[in-house]
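Accompanying notes for the structure given below.
Quantities reported herein were computed from a predicted structural model and do not represent experimental measurements.
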Amino acid sequence: MPRFSLIVLVFILRYQITTAQTGYKETDTVKYTRNVVITNSINFKTVAYYQANSIRKIIREFIGNGFSSSTIYYIQNDLLLESVYVSLRQGNEYFEEHTYFLSNKMTKWENSTDKIVDSTLVVYSDKEKLVLKFFEDDLKEAKSKKRTK
């Protein structure tokens, strides 16, 4: 029986460190002073990570039927530095995307399908607006949650 308990414990710990079951291995080595759960429902979980009083990272996870995804925002001075989006769909179809920002302007967009996306394409500016909109919404939600604690 103790062996079974150990196996269950290993699976529980493994589940907690695998972001949204996508298989993405985050390479962030920053030591955060605390984290705050912003939302936690059946399919969604959002966590803000702080250094002192500054939000430095937000992770939003979604786990659905046949689909899971994670969005990770790396932040400095309330500005987005990098956004990482990963998803795993039914049939183990994996997709990974990184967007990089400087002063709220997207400087690079790469993904596992197209590799580096050409910045002269119309879709490039659409993507920039979309990522910034979702980031701003999540940051606003994280800040309002902090005030209510």
Next item on the list: Please report the closest heavy-atom contact between S70 and E61, naming both atoms and the distance.
Entry: OG-CG, 3.9 Å
Notebook entry, point to check: Taking side chain as C-beta onward, heavy atoms only, is L130 less than 4.5 Å from K133?
Noted result: no
Notebook entry, point to check: Rounded to the nearest 0.5 Å, what separation is found between the CG atom of L80 and the OG atom of S103?
Noted result: 11.5 Å
Check: Looking just at side-chain N and O atoms, do T39 and T46 make a donor-acceptor pair shorter than 3.5 Å?
Finding: yes
Note to self: Which heavy atom of A142 sits nearest to which heavy atom of I38, and what is that distance?
What the structure shows: CA-CD1, 3.7 Å
Note to self: How long is the straight-line distance from CG of L88 back to OH of Y94, given to the nearest 0.5 Å?
What the structure shows: 8.5 Å
Check: Do F101 and L81 come close enough that some side-chain heavy atom pair is under 4.5 Å?
Finding: no
Item checked: Sequence-distant partners of Y32, side chain to side chain donor-acceptor pair (under 3.5 Å), two or more places apart -> D28
Next item on the list: Could you tell me whether the side chain of E128 and the main chain of M106 form a donor-acceptor pair under 3.5 Å?
Entry: yes
Next item on the list: Could you pull out all residues at least two apart from N43 that satisfy side chain to side chain contact (heavy atoms under 4.5 Å, CB included)?
Entry: F62
Next item on the list: For V123, enumerate each residue passing the side chain to side chain contact (heavy atoms under 4.5 Å, CB included) test, keeping only those at least two apart in sequence or located in another chain.
Entry: W109, L121
Notebook entry, point to check: Can you find a pair of side-chain heavy atoms, one from R56 and one from V30, that are under 4.5 Å apart?
Noted result: no
Next item on the list: Take atom CG of D126 as the centre, draw a 6.0 Å sphere, and report whether it contains more than 12 heavy atoms from other residues, nucleotides or ligands.
Entry: yes
Check: Would you say V131 and Y85 make side-chain contact, with heavy atoms under 4.5 Å?
Finding: no
Note to self: Please identify which of these residues, E110, K108, K105, meets the side-chain hydrogen bond (donor to acceptor under 3.5 Å, both in side chains) condition with Y100.
What the structure shows: E110
Next item on the list: Please report the shortest heavy-atom distance between I55 and Y50, naming the atom on each side.
Entry: CG1-CE2, 3.3 Å
Checklist line | Results of side chain to side chain donor-acceptor pair (under 3.5 Å) for N40 - residues two or more places apart only | finding: none
Check: Partners of Q76 by side chain to side chain donor-acceptor pair (under 3.5 Å), sequence neighbours excluded?
Finding: none
Item checked: L139 reachable from L79 in the ILVMFWY side-chain graph, under 4.5 Å edges -> no
Next item on the list: Measure the CG-OG1 distance between N35 and T33 for me, rounded to the nearest 0.5 Å.
Entry: 9.0 Å
Margin query: Under 4.5 Å between side-chain heavy atoms, counting indirect links through other Ile/Leu/Val/Met/Phe/Trp/Tyr residues: same cluster for V37 and I59 or not?
Written below: yes
Check: For K127, does the NZ atom have more than 12 heavy-atom neighbours from other residues, nucleotides or ligands under 6.0 Å away?
Finding: yes
Checklist line | Non-neighbouring partners of F135 that pass ring-ring contact (aromatic ring centres under 6.0 Å, His included), sequence neighbours left out | finding: Y73
Next item on the list: Decide side-chain contact (heavy atoms from CB on, under 4.5 Å) for T120 and Y124; before the verdict, give the C-alpha distance in whole Å, the side-chain angles of both, and the deciding distance to 0.1 Å.
Entry: CA-CA 7 Å; T120 62; Y124 192 91; over 6 Å; no
Next item on the list: Answer yes or no: is there a side-chain heavy-atom contact under 4.5 Å between D78 and K143?
Entry: yes
Check: Would you say V84 and L102 are hydrophobically clustered, going by side-chain heavy atoms of ILVMFWY under 4.5 Å?
Finding: no
Next item on the list: Evaluate the criterion side-chain contact (heavy atoms from CB on, under 4.5 Å) for residue pair N111 and F95; output intermediate values, then yes/no.
Entry: CA-CA 7 Å; N111 61 49; F95 179 77; 3.7 Å; yes
